[in-house]
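Structure first, then comments.
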Amino acid sequence: MTHDGPADHVEQNRRFWNDEAAAWHGPLARDHWAQEEPSWGLWATPESQVSLLPDGIDGMRTIELGCGTAYVSAWLARAGAHPVGIDLSEKQLATARAMQAEFGIDFPLVLGDAEKVPYEDNTFGLAISEYGASLWCDPYQWIPEAARLLVPGGRLVFSRYSPLFALCVPPEGPASTTLSRGQFGLTRLDWGNHVEFVLPHGEMLRLLRDCGFVVEDLIEVQAPRTARDYSEVSADWARQWPSEEIWKARLAG
């Protein structure tokens with residue numbers, strides 16, 4: 001369970017989110033916080049279709065790794081959980097705090113790195129990431145950290161780009177039908193001003209297993225017919241091949 005790549009991504013991604021990306025996502029926060037039913041990922045897949053959240057969430061301590069504007073934690077709080085959100089972007093957390101004040105939902109928001117969470121072992125029943133740590137953090141760091149934070153039997157659920165999307169997205173423009181990079185050695189995607197991480201399925205399975213997880217489901221999401229295009233992937237592409245996927249795992253014990 002090793003990864004020898006450079007470790008400069010944390011500060012690079014912090015700058016990217018504070019300087020650029022937070023401005024794109026801030027205006028979306030209110031609509032996300034206002035949702036009655038959670039929906040996941042680029043294609044807004046309803047919770048009723050994927051059952052991403054485990055049973056027994058009421059009263060559970062949860063942590064959202066790379067929480068951004070923390071709307072997922074708000075959904076968890078409404079379901080009766082006791083969430084904590086952690087993110088490396090001051091601007092994202094400022095938006096999250098504004099939403100807490102507007103919607104009257106309060107929970108801890110921690111400025112920090114999801115690869116090094118300032119909580120003790122065996123603290124949470126659920127660790128969750130929707131394109132947070134699951135995309136922006138080194139999986140060889142954040143997944144062992146999630147295992148450390150969870151109680152035995154705790155759940156890890158996360159959504160991310162699919163390996164196929166990572167193979168087909170070029171340096172500029174949306175995913176195409178041409179492979180743009182090799183699968184062997186696929187881990188880190190450098191985009192100049194930010195870094196993303198996507199492991200192939202075999203590597204992800206081995207990493208989760210080595211950290212003590214039992215994988216319970218892997219859902220490859222298909223875009224609905226009503227979906228709009230994104231700059232990185234068209235809806236037509238994602239109706240034919242999975243651009244994103246949802247993982248569900250349980251910590252053994």
Side-chain angles (χ1 to χ4, degrees), residues 17 21-22 24-112 114 117-119 122-137 142 146 149-151 153-160 216-217 219 221 224 226-227 244-251:
W17 277 98
W24 309 334
H25 289 263
L28 304 175
R30 184 171 289 103
D31 287 344
H32 285 145
W33 273 70
Q35 284 184 219
E36 293 186 6
E37 180 187 9
S39 60
W40 306 103
L42 291 177
W43 312 115
T45 305
E47 168 67 9
S48 58
Q49 290 185 17
V50 292
S51 300
L52 191 146
L53 301 179
D55 295 333
I57 198 77
D58 188 19
M60 183 181 292
R61 296 192 71 183
T62 68
I63 185 160
E64 184 183 359
L65 299 169
C67 67
T69 59
Y71 57 84
V72 171
S73 289
W75 297 341
L76 293 171
R78 286 200 188 99
H82 303 293
V84 171
I86 183 169
D87 199 89
L88 53 69
S89 169
E90 296 93 337
K91 289 191 176 180
Q92 287 279 80
L93 292 183
T95 299
R97 292 189 182 97
M99 292 299 100
Q100 285 185 325
E102 180 173 334
F103 285 87
I105 301 174
D106 187 51
F107 48 84
L109 292 168
V110 179
L111 178 63
V117 179
Y119 280 84
N122 306 323
T123 297
F124 300 99
L126 170 68
I128 188 167
S129 179
E130 187 200 31
Y131 285 97
S134 55
L135 180 64
W136 299 93
C137 291
W142 82 264
L149 293 166
L150 288 171
V151 299
R155 307 289 173 143
L156 171 64
V157 294
F158 59 94
S159 60
R160 64 167 195 163
E216 297 189 327
D217 203 357
I219 302 171
V221 178
T226 56
E244 64 181 2
E245 57 192 29
I246 294 168
W247 289 75
K248 305 179 191 179
R250 171 178 51 84
L251 190 65

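Small disclaimer: the values here were computed from a predicted structure and weren't measured.
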Quiz item: Between atom CD of Glu37 and atom CD of Gln49, what is the distance when rounded to the nearest 0.5 Å?
Solution: 8.5 Å
Quiz item: Looking only at heavy atoms, which two atoms of Ser159 and Ser134 are closest? And how far apart?
Solution: O-OG, 2.7 Å
Exercise. Please identify each residue that fulfils side-chain hydrogen bond (donor to acceptor under 3.5 Å, both in side chains) with Trp43, with sequence neighbours left out.
Key: Ser243
Quiz item: Which heavy atom of Gly56 sits nearest a heavy atom of Met60, and at what distance?
Solution: O-CE, 3.4 Å
Quiz prompt | Under 3.5 Å donor-acceptor, Thr95 side chain and Thr69 backbone | solution = no
Quiz item: Within a strict 4.5 Å, meaning less than it, do heavy atoms of the Ile63 and Val117 side chains meet?
Solution: yes
Self-check item: Parallel, tilted or perpendicular: ring planes of Trp33 versus Phe107, cut at 30 and 60 degrees
Solution: parallel
Practice problem: Would you please name every residue forming a side-chain hydrogen bond (donor to acceptor under 3.5 Å, both in side chains) with Arg250, sequence neighbours left out? | Solution: Glu216
Quiz item: With ring centroids as reference points, do Phe158 and Trp142 lie under 6.0 angstrom apart?
Solution: yes
Quiz prompt | side-chain hydrogen bond (donor to acceptor under 3.5 Å, both in side chains) partners of residues 71-81, not counting sequence neighbours, each pair once | solution = Glu64-Ser73, Tyr71-Glu130
Practice problem: Would you confirm whether Lys248, through its side chain, and Pro54, through its main-chain N or O, come within 3.5 Å as a donor-acceptor pair? | Solution: no
Quiz item: Got Val84 and Thr62 here, is their nearest side-chain heavy-atom distance under 4.5 Å?
Solution: no
Quiz item: Do the side chains of Thr45 and Leu52 get nearer than 4.5 Å, heavy atoms only?
Solution: no
Self-check item: Minimum side-chain heavy-atom gap Ile86-Pro118 below 4.5 Å
Solution: yes
Quiz item: What's the shortest heavy-atom distance between Thr123 and Arg61, and which atoms?
Solution: CG2-NH1, 3.5 Å
Quiz item: With side chains defined as the heavy atoms from C-beta onward, is the minimum distance between Val221 and Glu245 less than 4.5 Å?
Solution: no
Exercise. Only counting residues at least two apart or in another chain, list the ones meeting side-chain contact (heavy atoms from CB on, under 4.5 Å) with Leu150.
Key: Phe124, Ala127, Leu156, Phe213, Leu251
Quiz item: So, for Leu109 and Cys67, which heavy atoms are closest and what is the spacing to 0.1 Å?
Solution: CD2-SG, 4.3 Å
Practice problem: Apply ring-ring contact (aromatic ring centres under 6.0 Å, His included) to His25 and list each qualifying residue two or more places apart in sequence or on a separate chain. | Solution: Trp17
Practice problem: Measure across Gly132 and Ser129 and return the closest heavy-atom pair with its distance rounded to 0.1 Å. | Solution: N-OG, 3.2 Å
Quiz prompt | Residue pair Leu65 / Ala146: nearest heavy atoms and the distance that separates them | solution = CD1-CB, 4.0 Å
Quiz item: Do the non-hydrogen side-chain atoms of Arg160 and Glu244 ever get within less than 4.5 Å of each other?
Solution: no
Quiz prompt | Partner set under side-chain contact (heavy atoms from CB on, under 4.5 Å) for Pro27, not counting sequence neighbours | solution = none
Quiz item: So, the side chain of Asp87 versus the backbone of Leu93: is there a donor-acceptor pair under 3.5 Å, distance only?
Solution: no
Quiz item: Is there side-chain contact between Asn122 and Leu149, with at least one heavy-atom pair below 4.5 Å?
Solution: no
